[in-house]
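What follows is one structure encoded as structure tokens, with my remarks underneath.
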Amino acid sequence: MLCLGNICRSPLAEGILREKISKNHFVDSAGTINMHQGKKADARSIAVAKSHGVDINIHRSRPITKNDLDEFDIIFCMDQHNYDDAISMAKSEAQKQKISLILEDYGDGNILEVPDPYYSDLQDFEEVYLLLDKACDRIAKTINQDQ
Ligand code: 4NP
């Protein structure tokens, strides 16, 4: 799960998907910038997750590395900027194929980007949570079926 700072959206996406997916899948998240490296998720993400029974307290922000594009099978990006940044890091067509916009494949078709809630309020974090929860339901269904 990839966003900009790895403190608001992608830690939520990581926590939500981990709850839904079978335990033999490794779910992680990262940001395209290192500005918040080592920091916990934003307090608003932690609070919204907690209100839905998801604990993301253990999360610490980290930037994406070139190695991630080898290690992970799928890189879900929250918005077009994250997508463009990940694509620009890719060294091969195979790596590019791993990268997608999470809501393009697993959204409801209306909203294609997960809005950045950083400069917004708790209500927008809740909306981000609900968007990601629905998308992760669809992802988990697809991935759990493929086993
Ligand atoms: P995120 O949100 O990409 O969902 O973690 C943001 C976090 C930090 C900043 C912007 C968005 N920032 O400008 O520092």
Side-chain angles (χ1 to χ4, degrees), residues 1-65 68-69 71-90 95-147:
M1 299 296 189
L2 184 70
C3 65
L4 178 69
N6 191 218
I7 55 171
C8 299
R9 292 166 292 177
S10 60
L12 276 178
E14 176 194 339
I16 293 168
L17 185 60
R18 186 177 293 123
E19 289 281 317
K20 297 181 190 290
I21 210 163
S22 60
K23 299 289 170 250
N24 53 340
H25 290 100
F26 182 66
V27 185
D28 199 6
S29 67
T32 57
I33 59 172
N34 63 6
M35 191 176 146
H36 301 278
Q37 185 161 11
K39 289 197 197 136
K40 294 183 73 159
D42 187 284
R44 296 163 296 180
S45 284
I46 295 175
V48 163
K50 190 178 176 194
S51 76
H52 289 275
V54 176
D55 184 354
I56 60 167
N57 264 297
I58 200 167
H59 174 77
R60 296 294 180 273
S61 172
R62 72 168 180 91
I64 186 172
T65 65
D68 289 328
L69 297 174
E71 290 286 311
F72 289 89
D73 299 316
I74 313 174
I75 316 275
F76 287 121
C77 304
M78 299 296 121
D79 66 32
Q80 188 67 43
H81 286 297
N82 316 145
Y83 177 87
D84 292 345
D85 287 344
I87 289 286
S88 73
M89 287 177 73
Q95 287 189 344
K96 284 185 185 165
Q97 293 297 327
K98 296 178 174 184
I99 303 165
S100 68
L101 271 180
I102 186 169
L103 295 185
E104 199 155 60
D105 293 337
Y106 293 100
D108 63 9
N110 291 318
I111 305 173
L112 294 183
E113 297 179 281
V114 181
D116 180 353
Y118 186 62
Y119 293 105
S120 194
D121 58 17
L122 205 55
Q123 179 59 38
D124 283 355
F125 278 76
E126 174 70 14
E127 279 169 28
V128 164
Y129 185 96
L130 296 176
L131 274 175
L132 289 171
D133 191 51
K134 277 195 225 154
C136 289
D137 270 339
R138 296 184 180 113
I139 293 168
K141 217 172 175 181
T142 306
I143 290 179
N144 288 336
Q145 255 169 17
D146 284 349
Q147 291 180 82

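Residues take their numbers from the sequence shown, with the count starting at 1. As the structure is a prediction and not an experimental result, all values here were calculated from the model.
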Practice task
Taking all non-hydrogen atoms of both residues into account, name the closest pair between Pro115 and Leu131 and its distance.
Solution key: CD-CD1, 3.7 Å
Practice task
Verify, without hydrogens or angle tests, whether Ser45 (side chain) and Cys8 (backbone) share a donor-acceptor contact under 3.5 angstrom.
Solution key: yes
Handout entry: Residue pair Glu14 / His59: nearest heavy atoms and the distance that separates them
Key = OE1-ND1, 3.6 Å
Problem - CG-CZ distance between Leu12 and Phe125, expressed to the nearest 0.5 angstrom - result: 8.0 Å
Donor-acceptor contacts under 3.5 Å from residues 102-111 side chains, at least two apart:
from: Asp108; atom 1: OD1; to: Asn110; atom 2: N; distance (Å): 2.9

Handout entry: Where Phe72 and Lys98 come nearest, the two heavy atoms and their spacing
Key = O-NZ, 2.9 Å
Handout entry: Ile74 side chain reached by Ile139 side chain, heavy atoms, under 4.5 Å
Key = no
Handout entry: Stepwise side chain to side chain contact (heavy atoms under 4.5 Å, CB included) check, Lys40 with Arg60
Key = CA-CA 5 Å; Lys40 294 183 73 159; Arg60 296 294 180 273; 3.3 Å; yes
Fill in the blank from the handout: Rounded to the nearest 0.5 Å, the OH atom of Tyr129 sits from the CG atom of Leu122 at a distance of 13.5 Å
Practice task
Output the distance between atom CZ (Phe76) and atom CG (Leu17), rounded to the nearest 0.5 Å.
Solution key: 7.5 Å
Problem - For the student: nearest non-hydrogen atoms of Ile64 and Thr32, plus distance - result: CG2-CA, 4.3 Å
Expected list for residues 79-90: side-chain donor-acceptor pairs under 3.5 angstrom, two or more places apart:
from: Asp79; atom 1: OD1; to: His81; atom 2: N; distance (Å): 3.0
from: Asp79; atom 1: OD1; to: Asn82; atom 2: N; distance (Å): 2.9
from: Asp79; atom 1: OD1; to: Asn82; atom 2: ND2; distance (Å): 3.1
from: Asp79; atom 1: OD2; to: Arg9; atom 2: NH1; distance (Å): 3.0
from: Gln80; atom 1: NE2; to: Asp84; atom 2: OD1; distance (Å): 3.0
from: Asn82; atom 1: OD1; to: Met78; atom 2: N; distance (Å): 3.4
from: Asn82; atom 1: OD1; to: Asp79; atom 2: N; distance (Å): 3.0
from: Ser88; atom 1: OG; to: Asp85; atom 2: O; distance (Å): 2.8

Practice task
Please name the pair of heavy atoms, one in Ser29 and one in Arg62, separated by the smallest distance, quoted to 0.1 Å.
Solution key: O-NE, 3.7 Å
Completion exercise
Sorted by chain and residue number, the side chain to side chain contact (heavy atoms under 4.5 Å, CB included) partners of Lys20 (sequence neighbours excluded) come out as Ile16, Asp133, Cys136, Asp137, Ala140
Exercise for the section: Would you name the heavy atoms of Gly5 and His36 that are closest together and state the gap between them? Expected result: O-CB, 3.9 Å
Handout entry: Flag side-chain contact, heavy atom, 4.5 Å: Ser10 against Leu2
Key = no
Practice task
Drop me the distance from Asp42's CG to Asn6's CG, to the nearest 0.5 angstrom.
Solution key: 11.5 Å
Exercise for the section: Using modelled atom types only, decide if a donor and an acceptor are shared between the side chain of Arg44 and the backbone of Asp124 within a distance under 3.5 Å. Expected result: no
